[in-house]
Amino acid sequence: MKPGNLSKLLTDLNEVQREAVLYEGGPLLLLAGAGSGKTRVVTRRIARMIATGVDAHSIVAVTFTNRAAREMRSRIEDLLDEDAMQGLIVSTFHALGARFLRQFADRFGRTERFSIYDEEDQQAVLRATLQACGAPHSAVIVKAIERAIDLAKNAGREAEEASLPPSDMPLDMRQVGRLYEEALQRADAFDFGDLILRPGLLLSSDESLCVQFQHRWPRICVDEFQDTNAAQYRWLKCLAPVGSDLLVVGDDDQSIYGWRGAEVGNIITFPDAYPGARVLRMEQNYRSVGHILTAANSVIAQNHQRLGKDLWSLLGEGMQVELQACRDGRHEAFWVAERIQSLCADEGYALGDVAILVRANHLTLDFEQALNCLGLRYVVVRGRSFFERACVQDAIAYLRLAHNHRDDIAFLRALKSRSRGVGAKSLERLSKAAMEAGVSLYEAAQSSVKGLQRKAQSGIGDFLKILESYPQEGPLHERAHKLFQAADLLDEQGLLESDEEERQNAENIKRLLTYIETFVEENPGATLDDFLERVKLIGEADVAETSGGAVSMMTIHAAKGLEFSVVFVVGMEDGLFPSARALKDGQIEEERRLCYVAMTRARQRLLLTWAQKRQTFGEQRKCEPSRFLFELPEEVILQSAELGRLAVLHQKSKTAETRVALEPKRRDDDWDAEWKVQNAVQNRDVESQLSDRPEENFEPLPWSDEALYADAQPVEMGFEAEVLQVQKKAPSGWQPGARVFHVQFGEGEVTSIAGGDSCTAHVAVRFFNGVEQTILRRYLSLIDG
DNA sequence: AAAAACTATTTTTTT
DNA sequence: AATAGTTTTT
């Protein structure tokens, strides 16, 4: 232990925090509001245990995301020597489950090499299963069943017990569920839900094993407890008997995973499950300025199902919350980009201080373009976009199959990734043969299948040869390299002649190899098993971390647990946030919690935007401001022309009968149709209102529509979703020599520049088509040289 | 069996 | 608008 640390572990703590760190009287529920220093308490508590002689092996800390796990580990590391931490487990529920199941795989008819199936794999299993029974297997049905199975497992039940949403489709869920489980077992695979469900089931049915584990980890800490589902809770109850040293930390107001089976009830009833549990509340916020907290408190106060709390801070009121109405999605994006620019130029913020939070991933597109146009670096923190690419998945399928020959889904994926003369008919014959022999596709393919065309037969033979080429020895990345080479995924010689798409694919495969190499370097001795598990359980977002000097863009879900000096919450429209789905299903409270989470990410500046129309499903649709905006107290909103407009809408919303249709109580199946109708009605109203007093209601835009749209440089999307890759932009920005693009004149080179802000600055450009012209800077976009 | 043309569907959110 | 899945054509 680092000298003198024991006392340091208690410094800078308020009274409640200190008690939470020191408490030793058994179960402890820590209700920790946003920004209340929860991680600090947990890490100090664990560090202190270890520093006072507790064996690190006896402690396990469970988090929900890998990022949280890593953060917790590194913060404990800051407090202790690394060797003191030896044996300490900080892990997600899912990783812990996978680890557990590897150990007890034989109890479930699996081997320790089992595959982990994500929802795509699950759907593939279901599709094949339904197809085999001749049942309908459309994407909609498959999806619905998959979701039902997932929900069932999250709720601690088996797939057979899943309940399908009522439909006219006659489907025996019990049978489908049974067949699904059989298919998983045949494939030596567990699905995501199993990683949680199975450990809990095994422990609760095996008394002695349960006791064994209770001795293994007498000290348990669970982060984000409000997000636990029934299956997780059952497992936890086995591990932590009543009276044990169990710390659960959470905030019912930040429960945003209800759709994944999370039950807020777990945190609310915790004291009942663990009688005598100490309950501590942390309401002092160390993150946000007063106005932001007031705004967030005011929104979340509209919820009924909550324990109730009010955050306060000593940081002063700070700036007011800015509210901006925009004409459409693109205008919104440009407004935000401009605002970021001015915050950096005038108020000393750095790009890395800024985050743009969205409700759904697809909203990031417009913002990427706008930031690109202004040459602002940004980073999109997205789940796992790289691994989602088709060609990468294909390559991984080869690896999966090489590792687990019984992984039928991987077999199909890898086989179909290339034209091999094996079509639907042949596949049908093959799977029939496999079914009859009770073996995997791989095994069936090894013996000769009757009725196969010669071409198909040889195609399958070639395919098997590829897999046999996988070396059993050597470093992981080299073995993968050999395999990909054999599978002709790398296309090494044909890089130049082959078409663009193929080249891209080969690039991706190379990147995958680099990724594997890095993984091996970081985790010496790691097996293919470890790598595949990592690919399944860890998104790239986790690799993220400090975005350096770039604006961060991510979903609100991904932003949980993070904080930024400046936060933009964009797309604040009814039907988007709250989402149409939530509106339909009456899930408004969870959406409001999501809004609360978003707002409480901000330290100093919070800016909320919405667009009056937005392109959805390929068509422009009028939008209404999010109902959450009406829940903001007026006094914390920055006075602007928009406020008057909002107030008018607000007033109207209270009286007009049109609003009634939007209320959750009117929820029924044709909500969407109703929404459209009402939207049309309201649009007309808004339109007439605007045409009455356009100048007062509408802040005149600093640019024309044409300029706005012309300015948007068409960017190739997708590539920036690198492993948290920072956008490479023209490094020096607007300087003589910079390459620029103009919609009319094409590409050119900057010859001189004149000052002004992004709206008024002029730039002289010599275009490559011969034209020389001084032009408003905003009509130009920087491009890479 | 493979490629091309056509169609329905999608936008929550993530381990 | 983009894509995944399905049907038709080659």
Side-chain angles (χ1 to χ4, degrees), chain A residues 62-69 91-98 116-120 122-123 127 137-143 147 150 153-154 190-197 224 227-229 231-232 255-262 329 357-366 381-384 388 390 416 418-427 452-456 459 533-542 554-560 571 573 575-585 587 590-591 593-595 597-598 614-621 672 717-718:
Chain A
V62 189
T63 62
F64 272 78
T65 64
N66 299 286
R67 191 187 58 213
S91 164
T92 64
F93 262 114
H94 285 85
L96 201 64
I116 297 172
Y117 277 10
D118 61 19
E119 58 251 68
E120 207 176 326
Q122 289 175 265
Q123 288 179 18
R127 203 171 301 126
H137 54 277
S138 73
V140 187
I141 294 172
V142 164
K143 228 174 182 172
R147 171 136 179 86
D150 237 37
K153 291 193 172 181
N154 284 335
F190 283 119
D191 66 19
F192 258 85
D194 285 331
L195 298 184
I196 306 295
L197 177 71
E224 307 281 13
D227 289 327
T228 47
N229 59 38
Q232 285 160 334
S255 169
I256 54 176
Y257 285 100
W259 49 275
R260 223 172 72 183
L357 305 186
V358 295
R359 174 68 245 266
N361 273 312
H362 71 277
L363 266 324
T364 57
L365 281 171
D366 280 339
V381 182
R382 205 180 325 223
R384 36 154 51 81
E388 271 165 7
K416 283 196 255 181
R418 278 274 191 283
S419 301
R420 314 191 138 85
V422 186
K425 265 264 141 48
S426 307
L427 270 179
L452 272 193
Q453 304 251 327
R454 192 167 300 126
K455 208 165 77 179
E533 186 169 310
R534 157 107 162 209
V535 168
K536 284 292 178 189
L537 296 184
I538 300 191
E540 296 165 80
D542 301 301
M554 65 190 92
T555 64
I556 301 168
H557 283 87
K560 187 153 87 146
E573 296 125 41
L576 232 183
F577 190 19
S579 74
R581 180 84 69 95
L583 244 28
K584 188 167 104 180
D585 301 344
Q587 306 284 352
E590 175 149 320
E591 294 287 307
R593 290 193 291 267
L594 196 55
C595 184
V597 168
R614 192 180 291 279
Q615 190 138 320
T616 331
F617 299 139
E619 58 172 338
Q620 287 277 346
R621 289 168 94 175
D672 195 59
M717 306 313 301

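All values below come from the heavy atoms of this structure, side chains included, with hydrogens, waters and symmetry mates left out. Residue numbering restarts at 1 for every chain, and letters A, B, ... go by the order of the sequence lines.
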Sub-4.5 Å side-chain heavy-atom contact between A:I556 and A:V358: no
Quick one: A:K143 NZ to B:dT13 P, roughly how many Å, whole number? 11 Å
A:R581 CZ to B:dT9 P: how many Å, rounded? 15 Å
Determine the contact category for A:R593: base if any of its heavy atoms lies under 4.0 Å from a base atom, sugar-phosphate if only primed atoms, P, OP1 or OP2 are that close, otherwise nothing. nothing
Looking at residues at least two apart in the chain, or sitting in another chain, which of them share a ring pair (Phe, Tyr, Trp, His ring centres under 6.0 Å) with A:F577? A:F628
With sequence neighbours left out, what residues match A:D194 under salt bridge (charged side-chain N to carboxylate O under 4.0 Å, His left out)? A:K153, A:R198
A:E573: which residues meet the side-chain hydrogen bond (donor to acceptor under 3.5 Å, both in side chains) condition with it, sequence neighbours left out? A:R614
Can you tell me the distance, in whole Å, between the CG atom of A:L357 and the P atom of B:dT13? 14 Å
To the nearest angstrom, the NZ-P distance between A:K416 and B:dA1 comes to 13 Å
Listed partners of A:F64 passing ring pair (Phe, Tyr, Trp, His ring centres under 6.0 Å), at least two apart: A:F93
What N/O pairs connect the protein and nucleotides 2-8 of chain B at under 3.5 Å? Give each pair on its own line.
from: B:dA2; atom 1: OP1; to: A:R420; atom 2: N; distance (Å): 3.4
from: B:dA2; atom 1: OP1; to: A:G421; atom 2: N; distance (Å): 2.6

Whole-Å distance between B:dT10 P and A:R621 CZ? 13 Å
Identify whether any heavy atom of A:F93 sits under 4.0 Å from a base atom; if not, whether one sits that close to sugar-phosphate; answer base, sugar-phosphate or nothing. nothing
Mind checking what makes ring pair (Phe, Tyr, Trp, His ring centres under 6.0 Å) contact with A:H137, not counting sequence neighbours? none
Measure from CG on A:L594 to P on B:dT11 and round the result to the nearest Å. 17 Å
When we call it a touch if two heavy atoms are under 4.0 Å apart, what does A:A582 touch: a base, just sugar-phosphate, or nothing? nothing
The answer to which of A:L576 and A:R260 contacts DNA chain B further toward the 5' end, by nearest nucleotide, is A:L576
Would you kindly give the CD-to-P distance between A:E388 and B:dT13, to the nearest whole Å? 10 Å
With heavy atoms under 4.0 Å as the rule, sort A:F577 into base, sugar-phosphate or nothing. nothing
Residues that A:Q453 engages under side-chain hydrogen bond (donor to acceptor under 3.5 Å, both in side chains), provided they are two or more places apart: none
What's the CD1-P distance between A:I556 and B:dT13, to the nearest Å? 11 Å
Counterpart residues, side-chain hydrogen bond (donor to acceptor under 3.5 Å, both in side chains), relative to A:Q587 (two or more places apart): none
Classify A:S138 by what it touches in the nucleic acid, base, sugar-phosphate, or nothing, heavy-atom distance under 4.0 Å. nothing
Nearest heavy atom decides the nucleotide; on that basis, is A:A456 or A:E590 closer to the 5' end of DNA chain B? A:A456
Give me the first and last nucleotide of DNA chain C, going 5' to 3', that has any atom under 4.0 Å from a heavy atom of chain A. C:dA1 to C:dG5
Could you list the residues that satisfy salt bridge (charged side-chain N to carboxylate O under 4.0 Å, His left out) with A:E120, not counting sequence neighbours? A:R413
Flag side-chain contact, heavy atom, 4.5 Å: A:K416 against A:L427: yes
Report yes if the side chains of A:I116 and A:F190 come closer than 4.5 Å at any heavy-atom pair, otherwise no. no
Contacts of A:Y117 meeting side-chain hydrogen bond (donor to acceptor under 3.5 Å, both in side chains) (sequence neighbours excluded), chain-then-number -> A:D407
Students often get this wrong, so: under 4.0 angstrom with heavy atoms, is A:Q453 touching a base, only sugar-phosphate, or nothing? nothing
With pairs defined as Watson-Crick or G-U wobble and both distances under 3.5 angstrom, please note down DNA chain B as a dot-bracket string, | for pairing with another strand. ||||||||||.....
